[in-house]
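One structure below.
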Amino acid sequence: MFKPQLWLRYEKKEFEKQTALTPTTAKQLIDAGFEIIVERDQQRIFSDAEYETVGCKLAANNSWSSAPRDIPILGLKELPVSTDPLPHTHIHFGHCFKKQAGWTAFLSRFRRGGGTLYDLEFLEYESRRRVAALGFHAGFAGAAVGALAFAAQRNGKKLGRLDPYQNEEALISDVKAALGGSGKRVKALVIGALGRCGRGTTDLFRKIGLDEYAAFDLTDDILKWDIAETTKGGTFREILDVDIFVNCIYLNTQIPSFITRDQLLAAGGKDRRLSVVVDVSCDTTNPYNPIPIYL
């Protein structure tokens, strides 16, 4: 009897523990008639044993290139840089269809190999809402890193190595402690505040003690901006007047920059309060990146 198959590959990004398929969802697919092959990966947040327990078959780490060509290769982030042709069907975030750096070389690998890319960025419901996207906890974690970086700067230090937290409570406790017990009176601006990432960002800030509101008024701690506040077009002087700026937008077209390097240099240290920029969207090589202040 034919069984549809999926091959979950390892993720190459150092320090990241993410995966495109959890053991729970793998079990649901197996119950629906799939065969799931999972590459061994000590870095993944779920252990190899958790997948094996629910009925997945284990394969060697980074062995997907030798998998039968009729098995789709499932991943989350981009593949390792290579010129090798790609004959398989791949399912992951390709970071190529908006002409990010290296997009032509990457797509040429599929053309030469005869493979196919299903880019998760463009998987949509009929309503055009994205199925797979940076979510609530991407914003939550990004805001936490921003708050830790701000606390380090305030103490004359640099943010050191970050290790994963076992749960949300441990993360919040550590961030509050770094800020001296509370984030009260730290000012933050979130652009894209009504989306999934933006809601997570606001939630973290609220849980460490910042007050929440949605307006241009700077009397409280969190400015929540979305399309209504950014329609006038950047750059935005208001970004310079907060401690932490967090970008959570989904970039799909060219827009005026939110803030520029020249603007920061002109403001110097006297005319700006801004201390930390957190780019959760992180479309760094997109030619339309609205935060062109870093390399």
Side-chain angles (χ1 to χ4, degrees), residues 78 95-104 121 134 138-139 141-160 162 179 183 185-195 197-198 200-202 204-205 210 213-295:
E78 60 269 24
H95 303 303
C96 58
F97 287 112
K98 293 187 285 187
K99 298 185 177 180
Q100 294 95 325
W103 71 278
T104 53
E121 182 177 357
L134 281 174
V145 173
L148 289 170
F150 174 73
Q153 286 187 13
R154 195 161 63 178
N155 293 320
K157 301 178 181 179
K158 293 184 178 180
L159 185 61
L162 294 175
L179 290 168
R185 307 323 302 171
V186 174
K187 291 188 180 295
L189 168 60
V190 183
I191 296 186
L194 300 183
C197 289
T201 298
T202 300
L204 181 281
F205 284 145
L210 280 70
Y213 71 105
F216 282 92
D217 187 1
L218 287 171
T219 57
D220 276 317
D221 300 334
I222 310 175
L223 285 84
K224 295 168 59 179
W225 285 18
D226 210 271
I227 294 175
E229 291 80 12
T230 57
T231 298
K232 67 177 183 179
T235 58
F236 299 110
R237 163 69 211 188
E238 293 91 338
I239 292 175
L240 298 176
D241 296 327
V242 298
D243 298 303
I244 304 172
F245 161 48
V246 187
N247 175 40
C248 295
I249 71 163
Y250 174 56
L251 182 65
N252 57 7
T253 187
Q254 185 172 13
I255 59 175
S257 297
F258 294 152
I259 191 169
T260 65
R261 178 179 290 269
D262 288 344
Q263 188 181 8
L264 287 173
L265 292 174
K270 294 182 179 180
D271 294 327
R272 68 172 170 88
R273 178 170 178 167
L274 181 66
S275 179
V276 175
V277 174
V278 181
D279 192 4
V280 179
S281 300
C282 203
D283 214 348
T284 58
T285 62
N286 191 312
Y288 302 149
N289 178 15
I291 314 177
I293 63 173
Y294 57 84
L295 302 176

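Across all their heavy atoms, Pro256 and Gly233 have their closest contact at CG-CA, 4.2 Å. Of all heavy-atom pairs between Ile244 and Phe150, the closest is CD1-CB, 4.0 Å. Nearest approach of Val280 to Gly142, heavy atoms of both residues: CG2-CA, 4.2 Å. In terms of heavy atoms, Pro290 sits closest to Leu251 at CD-CD2, 3.9 Å. Contact between Ala144 and Leu204 at its shortest, heavy atoms only, is N-CD1, 3.6 Å. When all heavy atoms of Ala152 and Lys158 are compared, the pair lying nearest together is CB-C, 3.9 Å.
Although no hydrogens or angles enter the test, the distance criterion places a donor-acceptor pair under 3.5 Å between the side chain of Arg154 and the main chain of Leu179. Ser257 places no side-chain N or O within donor-acceptor distance of the main-chain N or O of Thr235, the cut-off being under 3.5 Å. Counting only distance, with no hydrogens or angles, the side chain of Asn289 and the backbone of Ile291 share a donor-acceptor pair below 3.5 Å. When atom types are taken as modelled, the side chain of Asp243 and the backbone of Ala188 share no donor-acceptor pair closer than 3.5 angstrom. Between the side chain of Glu78 and the backbone N or O of His95 there is no donor-acceptor pair closer than 3.5 Å.
Contact annotation: the side chain of Leu264 approaches that of Arg272 to within less than 4.5 Å [non-hydrogen atoms, C-beta and beyond]. Side chains of Tyr294 and Asp279 form a contact here, defined as non-hydrogen atoms less than 4.5 Å apart. You'll find the side chain of Gln263 stays beyond 4.5 Å of the side chain of Ile293, heavy atoms only. In this structure, Leu240 and Asp271 have side chains that are not in contact, with every pair of non-hydrogen atoms separated by 4.5 Å or more.
At most 12 non-hydrogen atoms from other residues, nucleotides or ligands lie less than 6.0 angstrom from CD1 of Ile227.
Once rounded to the nearest 0.5 Å, the distance linking CG of Leu274 with NZ of Lys187 reads 14.0 Å. From Glu229, atom CD reaches atom CG of Leu194 across 7.5 Å, with rounding to the nearest 0.5 Å.
Checking Ile222, Val186, Asp221 one by one against Phe205, the side-chain contact (heavy atoms from CB on, under 4.5 Å) holds for a single residue, Ile222. No option in Leu189, Ile249, Val190 other than Leu189 meets the side-chain contact (heavy atoms from CB on, under 4.5 Å) test with Trp225.
Aromatic ring orientation, Phe258 versus Phe236: tilted (interplanar angle from 30° to 60°).
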